[in-house]
Protein chains: 2
Amino acid sequence: MEQRIERIKKQLHSQSYKLTPQREATVRVLLENEDDHLSAEDVYMLVKEKYPEIGLATVYRTLELLTELKIVDKINFGDGVSRYDLRQEGANHFHHHLVCIECGAVDEIQEDLLDDVEKVVESRWNFQIKDHRLTFHGICYRCQ
Amino acid sequence: MEQRIERIKKQLHSQSYKLTPQREATVRVLLENEDDHLSAEDVYMLVKEKYPEIGLATVYRTLELLTELKIVDKINFGDGVSRYDLRQEGANHFHHHLVCIECGAVDEIQEDLLDDVEKVVESRWNFQIKDHRLTFHGICYRCQ
DNA sequence: GTTTATGCAAAACATTTGCAGCCTT
DNA sequence: AAGGCTGCAAATGTTTTGCATAAAC
């Protein structure tokens with residue numbers, strides 16, 4: 001955890017951004033809820049517990065910054081809000097998601113299942129892939 | 001075109017919805033711009049050319065209805081708006097997208113490249129897939 | 001001291017909803 | 001007369017922006 005914060009701090013510094021207390025509190029919330037898919041509002045509520053003076057705008061600005069630095073990925077599951085998902089350290093692809101249409105749970109697939117598909121797309125469509133988004137909608141093991 | 005409208009009309013009737021002039025005008029805009037990925041506002045502007053009295057709320061309600069009937073798919077590429085994409089007739093999967101990060105173009109892949117991946121997900125994660133969303137972000141052939 | 005970041009409030013958007021009136025049967 | 005459907009305006013919910021203040025370098 002601390003090491004991970006340290007590395008994020010370096011990443012910010014390398015682009016001449018600072019890890020302010022507000023930003024650190026926000027990052028900690030993301031780290032502590034790595035399995036969830038928090039909206040900006042969710043993050044705001046959780047950060048406020050430790051840092052009550054923080055403003056919602058700061059949270060939005062921090063999440064935008066982290067997205068830009070590819071520390072988090074911004075994703076939208078079709079309900080009106082954006083959600084923010086920490087990237088695995090060293091991962092060069094965004095992980096996949098399983099969204100249950102019964103209970104709303106969102107599970108993650110960390111494994112990259114798209115290697116073969118991407119080779120086909122790159123050669124057949126002559127498209128140079130930089131990133132991807134793959135989400136399955138269906139019924140999770142709990143709801144079956 | 002006319003036959004396609006006719007089939008959509010039947011599909012609506014089978015669920016006891018009507019194909020009103022407003023709905024028909026909206027469907028026509030979608031058919032005429034099948035290659036694009038129009039937002040509700042885009043659709044509204046285009047429908048207004050032929051049917052100036054239409055209201056934006058009606059367009060939203062029609063798009064929602066068409067989504068429910070799986071005539072269109074609602075998709076979000078990460079800019080703040082939902083886009084609406086006609087499903088290929090008879091297609092049982094939603095097609096894939098290539099979004100160019102240089103020029104913003106969105107190309108479609110009609111072929112289903114996910115058959116193998118879905119088999120793995122269904123058995124390994126015990127997840128019953130009903131639908132999927134796959135988007136690649138990268139550089140299109142035009143921008144290379 | 002100049003830049004960078006923050007908090008608040010207001011603004012900007014996208015989307016949804018309430019409701020009175022309008023068709024169609 | 002009843003139902004579904006529409007247009008308008010208002011309401012809602014999310015995200016962004018302007019600005020004055022505060023913190024960091």
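The analysis underlying the following values was restricted to heavy atoms, covering all of them including side chains, and did not include hydrogens, waters or symmetry mates. Throughout, protein chains are lettered first and strands after them, A, B, ... in sequence-line order, and every chain is numbered starting at 1.
- Residues that satisfy the salt bridge (Lys or Arg N to Asp or Glu O under 4.0 Å) test with A:Arg83, not counting sequence neighbours, are A:Asp42, A:Asp79.
- Sorted by first then second residue, the ring-ring contact (aromatic ring centres under 6.0 Å, His included) pairs that include residues 10-29 of chain B, not counting sequence neighbours, number zero.
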Practice task
Heavy atoms under 4.0 Å is the rule here; annotate nucleotides 2-8 of chain C 5' to 3' with B where the base is hit, S where only the sugar-phosphate is, and - elsewhere.
Solution key: --SSBBB
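- Not counting sequence neighbours, A:Gln15 has no partner by the side chain to side chain donor-acceptor pair (under 3.5 Å) test.
- For the helix from C:dG1-D:dC25 to C:dT25-D:dA1, the terminal axes (five pairs an end, C1' atoms, rotation from four pairs onto the next four) enclose an angle of 20°, given to 10 degrees.
- Spacing between atom CD of B:Glu24 and atom C1' of C:dC23 amounts to 16 Å, rounded to whole angstrom units.
- Sequence neighbours left out, not one pair with a member in residues 8-22 of chain A passes salt bridge (charged side-chain N to carboxylate O under 4.0 Å, His left out).
- At distances below 3.5 Å, at least one donor-acceptor pair connects side-chain atoms of A:Thr26 with backbone N or O atoms of A:Gln22.
- With sequence neighbours excluded, no residue forms a salt bridge (Lys or Arg N to Asp or Glu O under 4.0 Å) with A:Asp116.
- Residues forming a side chain to side chain donor-acceptor pair (under 3.5 Å) with A:Glu118 (at least two apart in sequence, or on another chain): A:His132.
- A ring-ring contact (aromatic ring centres under 6.0 Å, His included) check over residues 47-92 of chain B, counting only residues at least two apart or in different chains, returns the pairs B:His37-B:Phe77, B:Phe77-B:His97.
- By the 4.0 Å N-to-carboxylate-O rule, B:Glu32 lies close enough to B:Lys50 to be salt-bridged with it.
- With sequence neighbours excluded, no residue satisfies side chain to side chain donor-acceptor pair (under 3.5 Å) with B:Gln11.
- You can see that DNA chain D meets the heavy atoms of chain B within a 4.0 Å-exclusive cut from D:dC5 to D:dC8, reading 5' to 3'.
- Atom CD of A:Gln3 is surrounded by 12 or fewer heavy atoms from other residues, nucleotides or ligands within 6.0 Å.
- In this structure, CG in A:Asp73 is found 4.0 Å from CZ in A:Phe94, a value given to the nearest 0.5 Å.
- Near DNA chain C, meaning a heavy atom under 4.0 Å away, the residues from residues 72-83 of chain B are B:Gly80, B:Val81, B:Ser82.
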